[in-house]
Amino acid sequence: MWRMRVVHSTGYAYKSPVRASFNEARLTPRSDLRQNVVLNRVETTPATRLYRYVDYWGTAVTAFDLHAPHSELEVTGSSVVETDVPEPPAKRLDWAALRTDAVADKYDELFGQTRYAPASRRVSAVGKTLARQYDPTEAVIAAAQWTRSELDYVPGSTAVHSSGLDALAEGKGVCQDYAHLTLILLRSMGIPARYVSGYQYPKRKAAVGETVEGQSHAWVQAWTGSWWDYDPTNDCAINEQYITVGTGRDYADVTPLKGIYSGEGSTDLDVVVEITRLA
């Protein structure tokens, strides 16, 4: 078991004072069988009243609004989380069991195309080939490996609003793109799949107390009889180095910070993530 501290800070600098803003932050890791949140807080500068709720997908949301003019806004989420290695998939269904009406009805929202994971004939053709070669659990790993064969990891090569197909056309992307392209492929095969937002501590043999500069990370969860996680970017199952924040159909459901504001001009955005292994 690992214990880690994550500090995720996002700063906005507006070109002209903003009269009001309304925001949602998804910066609180979830507690489940694999990880336990020891503490979490979300703070804003300027300070304001915070409201917390759990959204439709089970992600903790901190909502807040500011009604006094402000030229800057900083939002910081700080957490201490204990993580462990997840249990392997409890069940391994075959294709016949996976393609029943009961499964289609229960996971209907996780089969369809979305803005970031639209349908593709080319990707569907790959899915048909993989489905003939592998059982559903093996097909998840094969799908992730196909994504890795199609994309080169190039930081800054895509924008936050790029879809998995945009990255495929360019042949490069980042973790968000790897996750979206893998989702397109899995859903084309009839495997319920969702996008996972979180963090990954990059050093397996890190010294206790070592802080690294990180960033948000993304991977997928697939249901092949039970839910389990796989990271297409690194071609591996997740372990203690991973901290899960939220899941959804794609990035739009788990955006770390989003909102609207009343004012003129564009904004400068600065994001800093620091992760420290505590134990």
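For reference, positions follow the sequence shown, starting with 1.
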Going from CZ on R122 to CG on L168, what distance comes out if it is rounded to the nearest 0.5 angstrom? 4.5 Å

Taking S31 for its side chain and V37 for its backbone only, find out whether a donor-acceptor pair lies under 3.5 Å. yes

Mark yes or no for whether Q35, through its side chain, and R30, through its backbone, hold a donor-acceptor pair below 3.5 Å. yes

Around Q133, counting heavy atoms of other residues, nucleotides and ligands shown, do more than 12 lie under 6.0 Å from its CD? yes

Hey, is the main chain of V174 close enough, under 3.5 Å, to the side chain of D177 for a donor-acceptor pair? yes

According to the ring pair (Phe, Tyr, Trp, His ring centres under 6.0 Å) rule, which pairs have a member within residues 146-166, sequence neighbours left out? none

Using a distance-only test with no angle check, is there a side-chain donor-acceptor pair under 3.5 angstrom linking D270 and Y12? no

CG (L39) with more than 12 external heavy atoms under 6.0 Å: yes

Not counting sequence neighbours, list each pair that qualifies as a ring pair (Phe, Tyr, Trp, His ring centres under 6.0 Å) and has a residue in residues 21-65. F22-H67

Could you tell me whether D55 and R26 have a side-chain N and a carboxylate O separated by less than 4.0 Å? yes

Going by salt bridge (charged side-chain N to carboxylate O under 4.0 Å, His left out), name the residues that satisfy it together with E109, two or more places apart in sequence or in a different chain. none

Sidechain-backbone polar pair: Y199 side chain, Q215 backbone, donor-acceptor under 3.5 Å: no

With sequence neighbours excluded, tell me which residues meet salt bridge (charged side-chain N to carboxylate O under 4.0 Å, His left out) with R34. none

Rounded to the nearest 0.5 angstrom, the CD-OG1 distance for E72 and T267 is 12.0 Å

Donor-acceptor pairs under 3.5 angstrom involving side-chain atoms of residues 88-95: please list them, not counting sequence neighbours.
unit_1 : atom_1 : unit_2 : atom_2 : d
R92    : NH2    : D135   : OD1    : 3.4
R92    : NH2    : D135   : OD2    : 2.9
D94    : OD1    : A96    : N      : 3.3
D94    : OD1    : A97    : N      : 2.8
W95    : NE1    : A131   : O      : 3.2
W95    : NE1    : Y134   : O      : 2.8

Residue pairs, two or more places apart or on separate chains, that pass ring pair (Phe, Tyr, Trp, His ring centres under 6.0 Å) and touch residues 250-279: Y14-Y261, Y116-Y251

Linked, directly or transitively: V7 and L27 (ILVMFWY side chains, under 4.5 Å): no

Salt bridge (Lys or Arg N to Asp or Glu O under 4.0 Å) between E240 and R204, worked out: CA-CA 9 Å; E240 307 100 320; R204 178 60 183 166; 2.8 Å; yes

Any donor and acceptor pair, going by atom type alone, linking the side chain of R277 with main-chain N or O of A206 inside 3.5 Å? yes

Test of understanding: clusters of I, L, V, M, F, W, Y form through side-chain heavy atoms closer than 4.5 Å, transitively. Do V140 and V126 belong to the same one? yes

